[in-house]
Amino acid sequence: MKAGALIVGFVLAFFTESLPLGPLYVQLHPDFVALLILYWALSSSQALSYVAIWLIGLVQDLLLGDLLGAQAISLVLMLVLLYTWISRVRRLPPWEQLFFIFFLLLAQRVSAWLWQLWVVPIAWHNSLLLGPALGAALWPLLTYLLDQLQRHWPQRRG
């Protein structure tokens, strides 16, 4: 993915993560940062750096006010799970990938929840399942939009 398109994507993803739209939005919204990382990993010919994903997760932790490391460790775990099956997932069309994307987003959400539970007792609620489900449902549209952004992003001459 082109660096400029990637930076714009992460700025928009961090913006959607930090919108102050109330507790219902916080519980139900898909993790756009995780979705962008999944897209980046699937569309890139090279493996992503776990350190870069860890740093992106730390930025997300700071933006959300989460326990430091919760998003970082869960994003790295999500990426490890993706790389386990990446050759199979790449061969699927986006509308079939959404089931696997749901599994990865759910693993990311549950691992972040477990990380926070380790330090502070927090309750499980079923709305933790709705964010990954919504993210998976948006996956075909998101891949289409990011493919278009990548295709139309100006080439650097040099």
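A quick note: this is a predicted structure, and the numbers were derived from the prediction, not measured. Throughout, residue positions are numbered sequentially from 1 according to the sequence presented.
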Roughly how far, to the nearest 0.5 Å, is [atom2] of [Y] from [atom1] of [X]?
{"X": "Thr143", "Y": "Trp95", "atom1": "OG1", "atom2": "CH2", "result": "13.0 Å"}
{"X": "Arg90", "Y": "Trp85", "atom1": "CZ", "atom2": "CH2", "result": "15.5 Å"}
{"X": "Leu138", "Y": "Tyr144", "atom1": "CG", "atom2": "OH", "result": "15.5 Å"}
{"X": "Leu12", "Y": "Phe32", "atom1": "CG", "atom2": "CZ", "result": "10.0 Å"}
{"X": "Leu42", "Y": "Phe100", "atom1": "CG", "atom2": "CZ", "result": "8.5 Å"}
{"X": "Leu38", "Y": "Leu146", "atom1": "CG", "atom2": "CG", "result": "11.5 Å"}

- Message: Is there a path of hydrophobic side-chain contacts, each under 4.5 Å between heavy atoms of I/L/V/M/F/W/Y residues, joining Leu67 to Leu64?
- Response: no
- Message: Main chain of Val33, side chain of Gln60: is a donor-acceptor contact present, judged purely on distance under 3.5 Å?
- Response: no
- Item | Whether Arg109 side chain and Leu129 backbone form a donor-acceptor pair below 3.5 Å | no
Min side-chain heavy-atom separation [X]-[Y] under 4.5 Å:
{"X": "His29", "Y": "Leu134", "value": "no"}
{"X": "Trp118", "Y": "Trp113", "value": "no"}
{"X": "Phe10", "Y": "Ile37", "value": "yes"}
{"X": "Leu62", "Y": "Leu68", "value": "yes"}
{"X": "Pro30", "Y": "Leu105", "value": "no"}
{"X": "Phe99", "Y": "Leu92", "value": "no"}
{"X": "Leu141", "Y": "Leu145", "value": "yes"}
{"X": "Val59", "Y": "Phe14", "value": "yes"}

Could you report the tightest heavy-atom contact between [X] and [Y], atom names first, then the distance?
{"X": "Leu75", "Y": "Gln108", "result": "CD2-NE2, 3.9 Å"}
{"X": "Leu48", "Y": "Trp40", "result": "CD2-CE2, 3.4 Å"}
{"X": "Pro140", "Y": "Ala136", "result": "CD-O, 3.7 Å"}
{"X": "Gly69", "Y": "Asp61", "result": "N-OD2, 2.7 Å"}
{"X": "Ser74", "Y": "Ser111", "result": "CB-OG, 2.9 Å"}
{"X": "Gln46", "Y": "Tyr83", "result": "O-OH, 4.4 Å"}

- Worked check of side-chain contact (heavy atoms from CB on, under 4.5 Å) between Met78 and Ile53: CA-CA 10 Å; Met78 180 189 70; Ile53 301 305; over 6 Å; no
- Could you go through the side-chain contact (heavy atoms from CB on, under 4.5 Å) check for Leu142 and Leu36 one step at a time? CA-CA 9 Å; Leu142 184 73; Leu36 186 60; over 6 Å; no
- Please walk me through it: do Trp54 and Ile73 pass side-chain contact (heavy atoms from CB on, under 4.5 Å)? CA-CA 7 Å; Trp54 176 268; Ile73 194 77; 3.8 Å; yes
- Task: Determine, step by step, whether Gln71 and Leu58 satisfy the side-chain contact (heavy atoms from CB on, under 4.5 Å) criterion, reporting the C-alpha distance in whole Å, the side-chain angles of both residues, the deciding distance to 0.1 Å, and the verdict.
- Result: CA-CA 7 Å; Gln71 297 297 325; Leu58 286 178; over 6 Å; no
